[in-house]
Amino acid sequence: MLSLQKILTLLSTSLLLIFLTSCGMTGRVNKKGSIPAGKGETIETGVASWYGPNFHGKLTANGETYDMNGLTAAHRTLPFNTVLRVENQDNGQSVVVRINDRGPFAKNRIIDLSKGAAQKIDMLGPGTANVKLVLLEGDLENSRTTNLKVATYTVQLGSYQTERDALNHAQKIRNARIEEIKLDGETIYRVYYGIYTDKDKAKNKRNELRRNGFDCFVKQIQND
């Protein structure tokens with residue numbers, strides 16, 4: 001029979017575990033450490049760079065006009081309009097940015113900040129900084145990307161209003177697939193071929209499909 005002291009100890013331990021779980025103290029990052037399960041969590045650490053005058057006024061990947069003095073950033077895979085807090089681990093300063101572009105394309109960089117954002121965390125001079133990315137707005141729980149650092153590509157063969165039309169087209173291309181997409185409150189059906197982490201391989205497949213008479217193009221699989 002358990003003594004009163006042991007019963008109280010077991011009860012205290014159980015209550016503590018329940019408290020920690022409810023407060024989110026247990027790890028919710030997946031085994032790869034890439035995709036978080038909730039807001040307020042660190043999703044990546046690494047080196048940030050910045051870009052400015054050469055791109056000012058040009059279109060970003062989501063179709064906006066790039067304002068180098070704004071508080072935006074480019075990331076390889078995060079959904080457009082994801083909001084992050086970028087913390088400069090070298091000096092403790094931080095800035096909140098919104099993702100509206102794709103990049104960086106240099107190796108060993110995880111994010112490209114606008115000039116305005118880089119200025120906020122005092123990294124204009126050095127050009128780079130060791131940073132931590134904290135998710136503030138954006139849902140990655142159902143992410144289509146399993147590694148934030150690696151962009152993935154596919155070949156799009158068509159987009160249809162009805163599933164039947166998509167099926168009719170997909171049946172013409174062996175191993176083509178159909179994905180149901182929600183767009184502006186409507187459901188559309190897109191026909192895709194392949195998933196690639198090497199963009200050149202995706203382009204080669206696109207060229208092969210075009211030679212066979214299929215109109216298609218390479219697109220990045222968006223993490224949304």
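On a predicted model such as this, the values are computed, not experimentally measured, just so you know.
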Is it the case that [X] and [Y] place a side-chain donor and acceptor less than 3.5 Å from each other?
X      : Y      : answer
Gln93  : Asn88  : no
Asn130 : Asp90  : yes
Thr65  : Lys58  : no
Arg177 : Thr154 : yes

Taking every non-hydrogen atom, the tightest pair across [X] and [Y]:
X      : Y      : value
Tyr196 : Val155 : CE1-CG2, 4.4 Å
Gly52  : Tyr66  : O-CE2, 3.7 Å
Gly46  : Ile110 : N-CD1, 3.5 Å
Val47  : Asn108 : CB-O, 3.5 Å
Leu84  : Leu135 : CD2-CA, 4.0 Å
Ala74  : Ile111 : O-CG1, 3.3 Å

Q: Just grab all the salt bridge (charged side-chain N to carboxylate O under 4.0 Å, His left out) pairs involving residues 186-207, residues at least two apart or on different chains.
A: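 For residues 186-207, and leaving out neighbouring residues, the salt bridge (charged side-chain N to carboxylate O under 4.0 Å, His left out) pairs sorted by first residue read Lys205-Glu208.
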Working to the nearest 0.5 Å, report the span between [atom1] of [X] and [atom2] of [Y].
X      : Y      : atom1 : atom2 : value
Asn62  : Asn100 : CG    : CG    : 5.0 Å
Leu136 : Glu41  : CG    : CD    : 12.0 Å
Thr187 : Ile181 : OG1   : CD1   : 9.5 Å
Thr162 : Ile188 : OG1   : CD1   : 12.0 Å
His75  : Thr77  : NE2   : OG1   : 5.0 Å
Gln171 : Ile173 : CD    : CD1   : 10.0 Å

Q) Among Tyr192, Tyr193, Phe217, which one satisfies side chain to side chain contact (heavy atoms under 4.5 Å, CB included) with Leu157? A)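 Going through the options one by one, the only one that passes is Tyr193.
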Is there a side-chain contact between [X] and [Y], using heavy atoms and a 4.5 Å cut-off?
X      : Y      : result
Ile43  : Leu78  : yes
Val95  : Arg85  : no
Val218 : Gln156 : no
Gln220 : Arg102 : yes
Pro53  : Met68  : yes

Q | From CA spacing to verdict: side chain to side chain contact (heavy atoms under 4.5 Å, CB included), Thr128, Arg109 | A | CA-CA 9 Å; Thr128 61; Arg109 309 277 175 86; 3.8 Å; yes
Q | Asp215, CG: over 12 other non-hydrogen atoms inside 6.0 angstrom | A |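 Not buried by this count: 12 neighbours or fewer within 6.0 Å.
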**Q.** Shared hydrophobic cluster for Phe80 and Val96 (ILVMFWY, side-chain gaps under 4.5 Å)
**A.**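 Phe80 does not cluster with Val96.
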Q) Side chain of Glu163, backbone of Ile178: donor and acceptor closer than 3.5 Å? A)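 The answer is no, because no donor-acceptor pair under 3.5 Å joins these two groups.
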Q) Are any side-chain N or O atoms of Ser114 and backbone N or O atoms of Thr72, one a donor and one an acceptor, separated by less than 3.5 Å? A)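 Yes, the answer is positive, given that a donor and an acceptor are paired below the 3.5 Å cut-off.
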Q) Which side chain to side chain donor-acceptor pair (under 3.5 Å) pairs, counting each pair once, include a residue from residues 47-56, with sequence neighbours left out? A)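 Side chain to side chain donor-acceptor pair (under 3.5 Å) check on residues 47-56 returns Ser49-Asp112, Tyr51-Asp101.
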Q: Just jot down the side-chain hydrogen bond (donor to acceptor under 3.5 Å, both in side chains) partners of Asn81, sequence neighbours excluded, or say none.
A: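 Checked Asn81 against side-chain hydrogen bond (donor to acceptor under 3.5 Å, both in side chains); matches are Arg98.
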Q) So Thr42 and Leu133, side chain to side chain contact (heavy atoms under 4.5 Å, CB included) or not? Walk me through it. A) CA-CA 6 Å; Thr42 299; Leu133 307 185; 6.0 Å; no
Q | Derivation and outcome, side chain to side chain contact (heavy atoms under 4.5 Å, CB included), residues Val97 and Lys120 | A | CA-CA 11 Å; Val97 300; Lys120 289 284 186 181; over 6 Å; no
Q. Could you go step by step and tell me if Glu87 and Val134 meet the side chain to side chain contact (heavy atoms under 4.5 Å, CB included) rule?
A. CA-CA 8 Å; Glu87 300 179 4; Val134 179; 3.8 Å; yes
